[in-house]
Amino acid sequence: MQWTILNVSIPVNDLKKSKEFYEMILGPPKNEGNLYQSLFENEENVFFGKQGFGLRLFKPKPDLVVSNYIQSRRSYISILVDNINSIKGNLDRENIHYIFNNSGNQNSFKSLLVQEPSLNLVQFIENPNSFNDNINGWEMGLEWGIHHMNLESLDVRKSMNFFCNLIGMTEGKWVAPVNKGDFSIDPTELAILPLSDNNRGLHVIKPDDGFGWRNNFAHNPSIGGHPAFTVKDLSALKNRLDKEKILYSDAKVYAMPGFHQIYLYDINANMLEINQAV
């Protein structure tokens, strides 16, 4: 199965203030076109990226006023696939509940919302034509792209079985640097569904309460899940964070060869990773 990252959706309390925060991180929204935006019309949104690829900030509604609609309180990922019917058939066979949307309109897309075994919400969207296009969430012609989405899983192998055997993805092997930090790359504790040979794609990790302490970080990237954005000038971003007195953990090159990583919280306490190829 072919797949690629469409966007990451991040829940926020105040769209205006959150938009200003992410402009400081990534620059102006610059969202051109609205190819996929109709899929998210149930919420108030701000898009960063191009044609729906990239980042989406959304303001959740109170659960008691929402019917026949699922919301996430965590950041979650939307993934483009070339065949959603095979996913739907596999979920039906295993009696796994999901929400499927297919309006039948010529300009609409089939979409499916499902929770994997550790209850992370994942959205799949079918558009077989997108794999012939040059644009994707990693390379949008902007100064940033989505490197990966990190998912917290209490049972990494169950989660990987879901993604590989029911969704149709292929597991890879974690590539660690020579001077690796103090964390496990045992596939029962950290696994990867790669889109490239530089650890880009989906990361699935068992929460490790001592991760931050052992690596001398103020943040623990193994808990709660997080999106990771690659930027072209991490040093300039660190200067902006220092100026705004925003706390971040400077991990340097410790988990992925050739990538300098930092961790921080946004103004809604959502964990973020920002990295740069070095």
Problem set entry | Which atom of Glu171 lies closest to which atom of Ala191, heavy atoms considered | OE2-CB, 3.7 Å
For this session: Determine, using ring centers only, whether His147 and Phe229 are less than 6.0 Å apart.
Result: no
Seminar exercise, completed: Taken to the nearest 0.5 Å, the spacing of Ile84 CD1 from Met1 CE works out to 9.5 Å
Exercise. Is there a side-chain contact between Leu193 and Thr170, using heavy atoms and a 4.5 Å cut-off?
Worked result: no
Exercise. To the nearest 0.5 Å, how far apart are CD1 in Ile262 and CG in Asn275?
Worked result: 9.0 Å
For this session: Determine the minimum heavy-atom distance between Phe48 and Gly27, stating which atoms define it.
Result: CE2-O, 3.4 Å
Problem set entry | Any donor-acceptor N/O pair, Arg157 side chain to Pro187 backbone, under 3.5 Å | yes
Exercise. Are Ile87 and Leu39 joined in one hydrophobic group, where the rule is that I, L, V, M, F, W and Y side chains link up if heavy atoms are under 4.5 Å apart?
Worked result: yes
Exercise. Are there more than 12 heavy atoms of other residues, nucleotides or ligands under 6.0 Å from atom NZ of Lys180?
Worked result: yes
Exercise. Quick one: do the Ser9 and Arg56 side chains pair a donor with an acceptor below 3.5 Å?
Worked result: yes
Exercise. Is the shortest heavy-atom distance from the side chain of Leu190 to the side chain of Val156 under 4.5 Å?
Worked result: no
Exercise. Has the side chain of Glu23 got a donor or acceptor atom that lies under 3.5 Å from a matching backbone atom of Pro28?
Worked result: no
Exercise. Between atom CZ of Phe53 and atom CD1 of Ile146, what is the distance when rounded to the nearest 0.5 Å?
Worked result: 9.5 Å
Seminar exercise, completed: Sorted by chain and number, sequence neighbours left out, salt bridge (charged side-chain N to carboxylate O under 4.0 Å, His left out) with Lys61 holds for none
For this session: Test side-chain contact (heavy atoms from CB on, under 4.5 Å) on Leu166 and Ile96 and set out the steps.
Result: CA-CA 10 Å; Leu166 300 183; Ile96 295 174; 3.5 Å; yes
For this session: Determine whether more than 12 heavy atoms belonging to other residues, nucleotides or ligands lie under 6.0 Å from atom CG of Asn216.
Result: no
Exercise. Is any side-chain heavy atom of Phe40 closer than 4.5 Å to a side-chain heavy atom of Asn7?
Worked result: yes
Exercise. Are there more than 12 heavy atoms of other residues, nucleotides or ligands under 6.0 Å from atom CG of Asn179?
Worked result: no
Seminar exercise, completed: What one should report as the nearest heavy-atom pair of Asn268 and Pro11 is CB-O, 4.1 Å
Exercise. Could you go step by step and tell me if Glu20 and Lys16 meet the salt bridge (Lys or Arg N to Asp or Glu O under 4.0 Å) rule?
Worked result: CA-CA 6 Å; Glu20 293 171 352; Lys16 182 177 182 296; 3.0 Å; yes
Exercise. Centroid-to-centroid, Tyr248 to Tyr265, below 6.0 Å?
Worked result: no
For this session: Run the numbers on Asp182 and Trp213 for side-chain contact (heavy atoms from CB on, under 4.5 Å), then give the verdict.
Result: CA-CA 10 Å; Asp182 190 349; Trp213 181 80; over 6 Å; no
For this session: State, to 0.1 Å, how close Ser75 and Ile10 come at their nearest heavy-atom pair, and which atoms those are.
Result: OG-CG1, 3.5 Å
Exercise. So, is the end of the Lys17 side chain (NZ or CZ) under 6.0 Å from the ring centre of Phe21 and within 45° of the ring's axis?
Worked result: no
For this session: Check whether any side-chain heavy atom of Ile274 sits under 4.5 Å from a side-chain heavy atom of Ile25, and report yes or no.
Result: yes
Exercise. Can you check whether Ser118's main-chain N or O pairs, donor with acceptor, with Glu116's side chain at less than 3.5 Å?
Worked result: yes
Exercise. Is the shortest heavy-atom distance from the side chain of Phe259 to the side chain of Gln276 under 4.5 Å?
Worked result: no
For this session: Check whether any side-chain heavy atom of Asn102 lies under 4.5 Å from a side-chain heavy atom of Ser111, and answer yes or no.
Result: no
For this session: Compare every heavy atom of Phe47 with every heavy atom of Gly52, then report the nearest pair and how far apart it is.
Result: CA-CD2, 4.5 Å
For this session: Find the distance between OG (Ser72) and CD (Gln123) and round it off to the nearest 0.5 Å.
Result: 11.0 Å
Problem set entry | same_hphob_cluster(Tyr254, Val175) at 4.5 Å side-chain heavy-atom cutoff | no
Exercise. Do Thr4 and Asn136 meet the criterion of a side-chain donor-acceptor pair at a distance under 3.5 Å?
Worked result: no
For this session: If the plane angle is over 60° it's perpendicular, under 30° parallel, otherwise tilted; pick one for Phe58 and Tyr76.
Result: perpendicular
Exercise. Applying the 4.5 Å side-chain criterion to the ILVMFWY set and letting contacts propagate, would Phe211 and Leu151 be lumped into a single cluster?
Worked result: no
Seminar exercise, completed: Of Ile77, Leu113, Val114, the one forming a side-chain contact (heavy atoms from CB on, under 4.5 Å) with Leu121 is Leu113
For this session: State whether the side chain of Asp208 and the backbone N or O of Gly210 hold a donor-acceptor pair below 3.5 Å, judged by distance alone.
Result: yes
Problem set entry | side-chain hydrogen bond (donor to acceptor under 3.5 Å, both in side chains) assessment of Asp186 paired with Ser184 | CA-CA 5 Å; Asp186 186 303; Ser184 173; 5.2 Å; no
Problem set entry | Donor-acceptor under 3.5 Å (Trp174 side chain, Ala255 main chain) | yes
Exercise. Is Val122 reachable from Met271 through a run of hydrophobic residues whose side-chain heavy atoms are each under 4.5 Å from the next?
Worked result: no
Exercise. When rounded to the nearest 0.5 angstrom, what distance separates OG in Ser153 from CD in Glu189?
Worked result: 11.5 Å
For this session: Compare all side-chain heavy atoms of Met256 with those of Arg200 and state whether any distance is below 4.5 angstrom.
Result: no
Exercise. Asn150 side chain to Leu202 main-chain N or O, any donor-acceptor pair under 3.5 Å?
Worked result: no
Problem set entry | No-hydrogen, no-angle side-chain donor-acceptor test under 3.5 Å, Ser18 and Asp266 | no
For this session: For Arg73, enumerate each residue passing the salt bridge (charged side-chain N to carboxylate O under 4.0 Å, His left out) test, keeping only those at least two apart in sequence or located in another chain.
Result: Asp63
For this session: Quick one: do Leu80 and Tyr36 satisfy side-chain contact (heavy atoms from CB on, under 4.5 Å)? Show the steps, please.
Result: CA-CA 11 Å; Leu80 283 182; Tyr36 295 98; 3.5 Å; yes
For this session: Say whether, by atom type as modelled, one donor and one acceptor occur between the side chain of Asn120 and the main chain of Glu152 under 3.5 angstrom.
Result: yes
For this session: In sequence, state the C-alpha distance, the side-chain angles, and the governing distance for Lys59 and Asp14, and then conclude on salt bridge (Lys or Arg N to Asp or Glu O under 4.0 Å).
Result: CA-CA 7 Å; Lys59 184 175 175 62; Asp14 186 309; over 6 Å; no
For this session: Decide whether a cation-pi geometry holds between Lys88 and Phe100; the criteria are a distance under 6.0 Å from NZ or CZ to the six-membered ring centre and an angle within 45° of the ring axis.
Result: yes
Exercise. Should Asn90 and Asp92 be marked as a side-chain contact (heavy atoms from CB on, under 4.5 Å) after you check the CA-CA gap, both sets of side-chain angles, and the distance that decides it?
Worked result: CA-CA 5 Å; Asn90 290 338; Asp92 286 337; over 6 Å; no
Problem set entry | Shortest non-hydrogen separation from Ala251 to Phe217 and the atoms involved | CB-CZ, 3.4 Å
For this session: Decide yes or no for Ile167 and Met169: does some side-chain heavy atom of the first lie under 4.5 Å from some side-chain heavy atom of the second?
Result: yes
For this session: State yes or no: are the ring centers of His226 and Tyr263 separated by less than 6.0 Å?
Result: yes
Exercise. Who else is in the cluster with Val278 when I, L, V, M, F, W and Y are joined by side-chain contacts under 4.5 Å?
Worked result: Val253
For this session: Is it possible for you to say whether Ile246 and Leu234 belong to one hydrophobic cluster, with membership spreading through side-chain heavy-atom contacts below 4.5 Å?
Result: yes
For this session: Supply the atom-to-atom distance His148 NE2 to Thr230 OG1, rounded to the nearest 0.5 angstrom.
Result: 8.5 Å
